[in-house]
2 protein chains.
Amino acid sequence: MSAVDRREQILVAATAVFGAKTYVGTTTDEVARAAGVSQPYVVRLFGTKEKLYIEVIQRAYAHVLEAFRTALPGPVENRGERLGAAYTGLLVERGMLPLIAGSTSMGGEAEIGRVARDGFSSLWRFARDEAGFTADEARTFFAIGMLINTVVGLRLTGDYGSEVTATEVLDECFPDAVEKVRALLPRADEPW
Amino acid sequence: MSAVDRREQILVAATAVFGAKTYVGTTTDEVARAAGVSQPYVVRLFGTKEKLYIEVIQRAYAHVLEAFRTALPGPVENRGERLGAAYTGLLVERGMLPLIAGSTSMGGEAEIGRVARDGFSSLWRFARDEAGFTADEARTFFAIGMLINTVVGLRLTGDYGSEVTATEVLDECFPDAVEKVRALLPRADEPW
DNA sequence: CGAGGTTGTTATCGAATGATTACTAGGTCT
DNA sequence: AGACCTAGTAATCATTCGATAACAACCTCG
């Protein structure tokens, strides 16, 4: 397989694993195994685990931006709904949302933090400059997005139906897409 | 010093360090050093690093709940503002907010995930059952809170004034408390 | 005093894990 | 054919780090 294809394949696998187990909780060996390749090879292709993670979150933020740009055209009235649906639509790529959620608590790491801030900033700039949100509208839009990230990060989906809070929160966050979301998210107890 | 005092002292130190460097990024040795004690001693007092972290986040969520309960009495009109101010007021305890932010991406860990979900759930139950929020109001309230967590987790405060997005987001999240927040939050490049 | 409990330390172990090295198989170009 | 590049692996190293063991100082109580 060509190196570029292999890189993409590893990035996809790494998104799933990093998304499920966070940066520190993930070993390069798990990523390698998920990609069907040897551990030294992922290290050689990406240099270090940190560089791999950086590429993974850069790619993730780029995908979010792309999904937003695709969903933007249309009436202004339901602009927010369209972009929101685009965001949850990213759940089809395994690990994408948990990964982004996890990246928002990495501000303390020098390199990774900078990349995560850049990624978030690119989304905010899109909302303000391209989508035409006011600062207040952007705040509300991103606030809901971050609540969704929290729901995903906490794996509240596993308690849906059996625990009152989780059920309420999920119903509030995904008024008509709860089942879709639940199907796509990793459960708390999901083994990797 | 008595063991209970020492425990509390270590919990305070651990809150700061875990908050600044996340769970995986923190070593028990750093916690010990921050508390002015030897590394094996913190391990012996708490059993494992995981148990230490669990106590730290349980304590953190308990403090949030306590702050909310204290701020609750008063007119219903500005209930949200009071609780919001109580939340940002927790910044005086170093690491508190970044710690909570970080805990929301630990749902994938078996034990820790359960504790984090319980903590979040206790806050949501407070909002619904004690503060009398509707589900919609609770969603909005928590959404803003999670955006604040994100801002804190990403360490956007360090870019305030020099980067457009960070400036806008912070102004939106803390309309009249930006300076207070900036003074209390760890910068991205803060060494530990 | 001396036994025992509490608070703490130094030294060290063992496992996990990111990274490196050295090697191999297969294709390609001259 | 044979030199060379690309894709890949097995084996291994070196470090980090959580945990453990063994020991020391101090207090207290009979």
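In the text below, chain A, chain B and the rest are named by the order of the sequence lines, each starting its count at 1. Since we're looking at a predicted model, the values are computed, not measured.
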### Task
Provide, to the nearest angstrom, the distance between the CE atom belonging to A/M1 and the C1' atom belonging to C/dG26.
15 Å
### Plane angle bin for B/F141 and B/F133 - parallel if under 30°, tilted between 30 and 60°, otherwise perpendicular
parallel
### Message
By the 4.0 Å heavy-atom rule, please label A/R44 as base, sugar-phosphate, or nothing.
### Response
base
### Query
Any ring pair (Phe, Tyr, Trp, His ring centres under 6.0 Å) pairs touching residues 82-123 of chain B, not counting sequence neighbours?
B/F120-B/F142
### Query
Do any side-chain nitrogens or oxygens of A/Y41 fall under 4.0 Å of OP1 or OP2 in D/dG8?
yes
### Heavy-atom protein contacts under 4.0 Å, nucleotides 13-19 of chain D, coded B base, S sugar-phosphate only, - none
----SBB
## Note on the structure
The ring-ring contact (aromatic ring centres under 6.0 Å, His included) partner of B/F68 among B/F126, B/Y61, B/W124 is B/F126
#### Entry: Short side-chain donor-acceptor distance under 3.5 Å, A/T15 and A/R94
no
### Query
In whole Å, what is the span from the CZ atom of B/F46 to the C1' atom of C/dG8?
15 Å
### Summary
Whole-Å distance, A/L45 CG to D/dT9 P, equals 10 Å
## Note on the structure
Here the pair of heavy atoms bringing A/N149 nearest to A/L97 is OD1-O, 4.2 Å
### Query
How close or far is atom P of C/dG18 from atom OH of A/Y53, stated in whole angstroms?
14 Å
## Note on the structure
Picking from C/dG8, D/dG8, D/dT9, the nucleotide nearest the side-chain atoms of A/R6 would be D/dG8
### Task
State which residue, out of B/V178, B/V169, B/L170, B/V152, fulfils the side chain to side chain contact (heavy atoms under 4.5 Å, CB included) condition with B/T157.
B/L170
